Number of protein chains: 2
Amino acid sequence: MGVRKVKAAETAAALKQAARQQFAERGYLNTKITDITTAAGRATGSFYEHFASKEELLQALLADMEGQASDHFDSAEHPPHDLTSAGQLRDHLAVAWGVMRDNRAVQAALFESAIATGPASGVLWDQLAGGTSVLRDHLEYLRATGHQLPGDPVLVAAAMGAMLSLLAYALPPAGPGQQDSSPAPVYSDPDVIDTLTRLLLHGLAGSPAS
Amino acid sequence: MGVRKVKAAETAAALKQAARQQFAERGYLNTKITDITTAAGRATGSFYEHFASKEELLQALLADMEGQASDHFDSAEHPPHDLTSAGQLRDHLAVAWGVMRDNRAVQAALFESAIATGPASGVLWDQLAGGTSVLRDHLEYLRATGHQLPGDPVLVAAAMGAMLSLLAYALPPAGPGQQDSSPAPVYSDPDVIDTLTRLLLHGLAGSPAS
DNA sequence: GTCTATATACAGATAGAC
DNA sequence: GTCTATCTGTATATAGAC
């Protein structure tokens with residue numbers, strides 16, 4: 001790889017990094033191309049040498065994220081889970097939550113991008129259904145083994161995904177250190193995961209054993 | 001009230017109605033002022049005689065909605081509920097779901113408006129917490145009477161609200177009649193309410209009695 | 001490839017006649 | 001109050017020098 005290409009790759013990486021930071025700070029929709037280039041210390045025109053648009057940049061960030069995520073997933077679980085086991089449900093939620101929080105900016109950007117198309121476009125539903133396809137499979141497995149589900153697996157999976165993704169978007173990150181004076185409470189990630197596990201496993205009525 | 005004011009009120013109402021329709025069709029963020037005025041059969045400039053901006057129009061729609069909603073709520077339940085009763089939880093969800101679906105356009109617009117401010121603004125969290133304050137009170141009542149909750153009432157309430165509002169936004173309306181060839185499945189409102197009731201009452205593990 | 005400067009596009013908002 | 005026509009601000013995208 002020549003020197004030119006190396007420098008180009010460096011700029012592309014700088015733009016992507018700056019984009020992640022800006023998306024997290026100002027939100028995807030509010031971020032202008034110039035916000036990204038300025039944060040990356042580059043000129044406005046340079047942006048288009050690497051990405052055709054803000055949306056294409058987002059796709060690149062998504063590809064990066066999925067590249068990393070496959071490292072975690074390929075080695076990990078594939079066999080059918082029993083989501084009615086507290087430990088396994090918690091593990092599942094913890095992985096999903098961790099991915100969302102580790103890639104807050106990209107997740108938030110994808111979410112905002114989907115919302116901006118409006119409710120009638122169906123994009124958000126596709127995103128919700130697509131992001132919970134694994135979960136849906138596990139639920140269908142449960143049903144096939146005779147377990148009574150609360151409802152249609154697709155709907156239940158989507159409901160769980162909706163809860164997760166909107167919470168992950170709305171909750172401020174649990175940064176250890178500077179808790180600002182914002183009205184939003186800060187919950188630690190394990191707290192959130194434990195609460196959601198209990199809620200989704202046994203509901204508001206609580207565990208029959210408790 | 002004079003004739004001038006009547007005509008003005010008619011135009012304002014026409015603009016609001018057109019806005020509701022456009023918001024539902026194209027989404028709030030994608031709707032331009034001219035989309036609204038055109039749909040209402042008025043000129044662009046007339047808009048500003050009645051509303052200072054699209055956002056102020058949205059506030060007016062919100063006020064209208066809350067005016068109607070108070071009719072339902074003031075006469076209805078105020079005493080503390082026992083959300084661990086299947087019937088009462090279902091009633092509560094049915095009311096919330098009904099309000100969301102009856103005011104789809106306004107709800108969607110508020111949601112989009114909040115999202116557009118970005119995740120760091122805290123607006124979405126405020127909306128989530130504010131919209132579930134009644135729910136939170138019921139949960140705190142449960143806890144005070146010795147019941148074990150899945151976690152902090154504020155967090156549990158927000159999680160439930162997140163599930164409801166994002167699902168209500170993403171799910172296509174269950175219009176009886178023209179089911180288009182869209183990939184999104186259509187669930188009837190009672191189906192959704194029943195499923196969410198079961199999920200939130202006893203979780204994935206299911207009722208101890210079943 | 002990167003820069004500065006500029007062009008294009010469009011939504012929001014206003015001016016002034018009726 | 002409502003209309004047509006226009007102005008302004010701003011974000012995207014391109015042109016052309018280096």
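Because the structure is a prediction, the values reported are computed rather than measured.
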* If you measure only the distance, is there a donor-acceptor pair under 3.5 Å linking the side chains of Arg20(A) and Gln17(A)? -> yes
* **Residue Glu49(A), side-chain atoms from C-beta onward, closest of dA13(C), dT2(D), dG1(C)** => dG1(C)
Taking [X] for the side chain and [Y] for the main chain, is one N or O donor matched with an acceptor at less than 3.5 Å?
X	Y	value
Arg136(B)	Ala158(B)	no
Thr132(A)	Leu135(A)	no
Arg104(A)	Ala168(A)	yes
Thr38(A)	Asp35(A)	no
Gln88(B)	Asp82(B)	yes

* Asked: Nearest heavy-atom pair of Asp152(A) and Arg143(A): which atoms, and what distance?
  -> CA-NH2, 4.2 Å
Using nucleotides 3-9 of chain C, report all nitrogen or oxygen pairs with the protein that are shorter than 3.5 Å.
unit_1	atom_1	unit_2	atom_2	d
dC3(C)	OP2	Ala43(A)	N	2.7
dC3(C)	OP2	Ser46(A)	OG	2.7

Grab the [atom1]-[atom2] distance between [X] and [N] for me, whole Å please.
X	N	atom1	atom2	value
Phe51(A)	dT12(D)	CZ	C1'	16 Å
Tyr48(B)	dG12(C)	OH	C1'	4 Å
Lys54(A)	dT12(D)	NZ	C1'	10 Å
Glu55(A)	dT12(D)	CD	C1'	13 Å

If you look only at distance, which donor and acceptor atoms sit under 3.5 Å apart when one is on a side chain in residues 41-48 of chain B and the other is two or more places apart or in another chain?
unit_1	atom_1	unit_2	atom_2	d
Arg42(B)	NE	Ala40(B)	O	3.3
Arg42(B)	NH1	Thr11(B)	OG1	2.4

* Considering only heavy atoms, which members of residues 10-38 of chain A lie under 4.0 Å from some atom of DNA chain C? -> Thr11(A)
